[in-house]
Structures are given as C-alpha cells and as structure tokens.
Amino acid sequence: MLTSAARVTKPDPADLLAWYDRHRRDLPWRAGAGEAADPYRVWLSEIMLQQTTVTAVRPFYEAFLKRFPSVAALAEAPADSVMQAWAGLGYYSRARNLHACAKAVVERHGGRFPETEDELLKLPGIGAYTAAAVAAIAFGRRAAAVDGNVERVVSRLFSVEEPLPKARPLIRTLTLDLVPDGRPGDFAQALMDLGATICTPKRPACALCPWMVPCKARAEGLQEAYPKKLRREAGQLRRGAAFVVLRADDSILLRTRPAQGLLGGMAETPTSPWEPGYEPARAVLDAPIEARWQRLPGTVRHVFTHFPLELTVLFAKVPRDTPAPDDMRWTPRRALSGEALPGVMKKVIAHALGGAAPLGKGEKDGTRKGRPGRGPQAS
DNA sequence: GAAACGTGGCG
DNA sequence: TCGCCAAGTTT
C-alpha cells in the first residue's frame, strides 16, 4: 500500500551501468568494452591515480608502461630508474611501494596478482580503496571501491549528514549495498566516471544524471552541500635556502634525500633546513662548500600538502677540480633529466640556470619578484 | 585517529 | 591570489 507521497525510488545499479555504456571515458588503462582487463595495468593506474588527476597521470602512465611493460620487468628494475620515472608525479612513497609490491608479486605470488581484496590488501601501497578497485576491475569480484568521487556521489545520493572522514564506514556500507553481482568492475568505474563528469564538486550536472530521481540531496536542492567535511587549517609558511653550484665543467651539485619522509629518496640540490623562522640573510652559513655565493633576486615558492615553502636561491661557480662533499655528487647539466628531481627542485634549478634548463616546466608560478628569466650574471 | 605525504588545475 | 580538489596509504 504505497501512497504516492511516500513512494521512494531506490538507486538502481542498472541505470548507472546503462549510462556508463553510453558515456564511459576512454582511458589508456581501461580495457575496451567487454574485454578482459590486465591486472598489471589496472594496478599501475590505480596507484598513479591516488590523489592525482587523470590529466596528470596520462603521460606518466604511457611512459611508465613503455619502460616497465610487465610486473616482472618492474620487479627487476633498479630503484633509481623507478624513482626517475615517477619524478614529477608526487607522493613518492607510492613509487617505492610500487616497486616493493612488484617484487612481492613476483616472489610471493609467482608473478600474478592475487585476486581477492584480502590478499591484495597485504601488498605494499595497496589500501582499502585500491584492493577493492583491483579486485573488482581486474578480477570481477564484488567489492566497494570508495574513492573521493564515490564519497561525493553516495553522500549526495543518501544525503549523509555525518562529515568526512567520520562518514567513511557508513558510505562504504551504502556503496557495497549498491554493487551488483554482475559487472562489479564496470560498476566501480561507472561510479567514478559519474563523480568525475556529472556529480562534480561544484555545479553538478544533475539534469544529466542517471540517478537524479533517487538522489536525496538533489531532491532538496542541496547537492553542493554534500559531502560535509571538516576543513583542516593551512600549514605555516616555512623558509629556507637552496644552493645551486655550477662547476666549470657545466655540472651541478646534487644529493639524494633520505629514503623516508618528505620527498624520500628523491634528488635535490643542497639546501638549508626549512623552518618558519629561517632568516635568508644567514643562508651563506648553511652553504655546502666555500665559494663566492650570489644570492639571486626573487624566491622559489612551492606548496606541499601540509605547508607552503619559500626558498631563497644562492648560486656559485666553482673551479673544475672542486670535489663533491661527502654524500653529494656532480651531475652534468645535460644529465639532469635522468635524475629523480621533484617539482620543487626543478623550480630551484630553473630559477638559477634559467627556464631553458632541460626540465620541462620553466619558472612559471614558482618564481616571485621577478627577475627577467636570464641566467645569473658572472660575479 | 591525526598527521604526513606532491603537484597541477581551476574558479 | 588562494583555497579546494584529484581513482589514498602509511605511521
């Protein structure tokens, strides 16, 4: 006995799948409609896509796959080359874990990825989301792959009042309840495509949504109010100095950061400590070698997830026979592209040597108080 | 459970 | 310019 007013429409997975069949995005790691997915490619793309946009991932994925075509090839590769292929993508622990995971798959699973969420979860770099995504997409298992898109879609669908991240368990339960027995992999990708193209953070295109009718938030006109979340306060600005040393043979001084922590295992020019109270005027005291230091005009700014950074760049030229201090090395300028340099260090080097450095991104947004983009003058 | 962990794009 | 956001995991 349903009264017309009390009639509630539940979201039907079939409606979403039908929408997906017409509007699915064509992505390089995606198998064609009806084709079997390659677990290695699914896994690689899922790791790259963690907290990273499709646009940013695409070129890295193509290059990475060409360089490491299989999990066995990746497992055998030197760590250096893996880090270098990842340089610029961010969250570098992903690259270390990716390499460790490839080795584990070869050593513990004979080169084949395990097919269940539980087993996948035991591998390095694979958490709740990725385990579910790989199980569903690569192996057709029924699993709830809840990423940021799905959190948004589902919280709107059911107008979840609890703010993130507390709402996660509830959202996961609601999502798993929606997953159909057939095509669980397509369903997972459909949910994410919906979140990425229709159910967007701002101004969602509800009129085009296959779930417009059952959506609770939409019914109230409050779709943009979900998901509720607590905002975190921004980190405090840290300052520091970076030292670019150009030797007469056209090589520059680099070192490798400790494996753990910020930019772990990546290459950098020597720097001072980075701290809120750092005084740039004393930077020369932190210099790695004795030289005629030239403090370059402007600064390099960079924003990490948890704090902004402002780097003063000091530049020096040194004679051809200058040895590298302990734990540092000289890299020919032409070989810089083979180093695992994170974005902030590319900015530093471009600031000192000019945007013409073989580094892709120029000074762009990283540089302030503009000096025209020429190289440093002779001192 | 909170904090650490990169980078680029967009409004 | 600035805050938000992007297919999260680890400690």
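Quick note on labels: first sequence line is chain A, next is B, and so on, each numbered from 1.
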Please report, rounded to the nearest Å, how far the [atom2] atom of [N] is from the [atom1] atom of [X].
{"X": "A:L311", "N": "B:dG6", "atom1": "CG", "atom2": "P", "result": "15 Å"}
{"X": "A:L164", "N": "B:dA3", "atom1": "CG", "atom2": "P", "result": "16 Å"}
{"X": "A:I171", "N": "C:dG8", "atom1": "CD1", "atom2": "C1'", "result": "15 Å"}
{"X": "A:F304", "N": "B:dG6", "atom1": "CZ", "atom2": "P", "result": "7 Å"}
{"X": "A:E151", "N": "C:dT9", "atom1": "CD", "atom2": "C1'", "result": "14 Å"}
{"X": "A:R238", "N": "B:dA4", "atom1": "CZ", "atom2": "C1'", "result": "10 Å"}
{"X": "A:I47", "N": "B:dG6", "atom1": "CD1", "atom2": "P", "result": "15 Å"}
{"X": "A:R25", "N": "C:dA6", "atom1": "CZ", "atom2": "P", "result": "12 Å"}

Does [X] reach the side chain of [Y], with side-chain heavy atoms less than 4.5 Å apart?
{"X": "A:Y40", "Y": "A:W29", "result": "no"}
{"X": "A:I252", "Y": "A:V245", "result": "no"}
{"X": "A:S81", "Y": "A:R67", "result": "yes"}
{"X": "A:Q189", "Y": "A:Y20", "result": "yes"}

Does the side chain of [X] get closer than 4.0 angstrom to OP1 or OP2 of [N] through an N or O atom?
{"X": "A:Q50", "N": "C:dG8", "result": "no"}
{"X": "A:H306", "N": "B:dC5", "result": "yes"}
{"X": "A:H302", "N": "B:dG6", "result": "no"}

Contact residues, [range] to DNA chain B [heavy atom, < 4.0 Å]:
{"range": "residues 180-206 of chain A", "answer": "none"}
{"range": "residues 81-105 of chain A", "answer": "A:G88, A:L89, A:G90, A:Y91, A:Y92"}
{"range": "residues 152-159 of chain A", "answer": "none"}
{"range": "residues 54-74 of chain A", "answer": "none"}

Are [X] and [Y] within salt-bridge range, i.e. N to O under 4.0 Å?
{"X": "A:K122", "Y": "A:E119", "value": "yes"}
{"X": "A:R203", "Y": "A:E224", "value": "no"}
{"X": "A:R247", "Y": "A:D321", "value": "no"}
{"X": "A:K103", "Y": "A:E76", "value": "no"}

When you group the ILVMFWY residues by side-chain heavy-atom contacts below 4.5 Å and let the links chain together, are A:L17 and A:L178 in the same group?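 Yes, same cluster.
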Mark yes or no: A:R156 above the aromatic ring of A:Y226, with NZ or CZ under 6.0 Å from the six-membered ring centre and no more than 45 degrees from the axis.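 A:R156 over A:Y226 ring: no.
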Please say whether the positively charged group of A:K317, taken as NZ for Lys or CZ for Arg, lies over the ring of A:F315, i.e. under 6.0 angstrom from the six-membered ring centre and within 45 degrees of the axis. no
Give me the one residue out of A:R24, A:R25, A:R22 that meets salt bridge (charged side-chain N to carboxylate O under 4.0 Å, His left out) with A:D193.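 Among A:R24, A:R25, A:R22, the one meeting salt bridge (charged side-chain N to carboxylate O under 4.0 Å, His left out) with A:D193 is A:R25.
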Pair A:R320, A:D249 - check salt bridge (Lys or Arg N to Asp or Glu O under 4.0 Å), show working. CA-CA 6 Å; A:R320 182 177 302 270; A:D249 64 350; 5.3 Å; no
With rounding to the closest Å, how many angstrom separate the P atoms on B:dG6 and C:dT11?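 About 13 Å, rounded to a whole number of Å.
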Can you check the distance between B:dC5 and C:dA6, where both ends of the measurement are the P atom (answer in whole Å)? 22 Å
Do A:R152 side-chain atoms and A:G195 backbone N/O form a donor-acceptor pair below 3.5 Å?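 A pair under 3.5 Å: yes.
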N/O donor-acceptor pair under 3.5 Å between A:H23 side chain and A:A18 backbone: no
So [X], base contact, sugar-phosphate only, or nothing? Heavy-atom distance under 4.0 Å.
{"X": "A:P165", "result": "nothing"}
{"X": "A:A145", "result": "nothing"}
{"X": "A:V303", "result": "base"}
{"X": "A:I137", "result": "nothing"}

Most 5' of A:P124 and A:W29 on DNA chain C, judged by nearest nucleotide: A:W29
Report yes or no: is there a donor-acceptor pair, N or O only, under 3.5 Å between the side chain of A:T53 and the base of B:dG9? no
The test is side chain to side chain donor-acceptor pair (under 3.5 Å); show your working for A:T130 and A:E46 and say whether it passes. CA-CA 6 Å; A:T130 305; A:E46 290 301 341; 5.5 Å; no
How would DNA chain C look in dot-bracket form, 5' to 3', counting Watson-Crick and G-U wobble pairs with both distances under 3.5 Å and writing | for bases paired to another strand? .|||||.||||
Which residues satisfy the side-chain hydrogen bond (donor to acceptor under 3.5 Å, both in side chains) test with A:W274, sequence neighbours excluded? A:T271
In terms of relative ring orientation, are A:H302 and A:F304 parallel, tilted or perpendicular, with 30° and 60° separating the classes?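 Geometry flag for A:F304 against A:H302: perpendicular rings.
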Go through B:dC5, B:dT7, C:dG8 for me and flag the one nearest to the A:P342 side chain.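 From the listed options, B:dT7 comes nearest.
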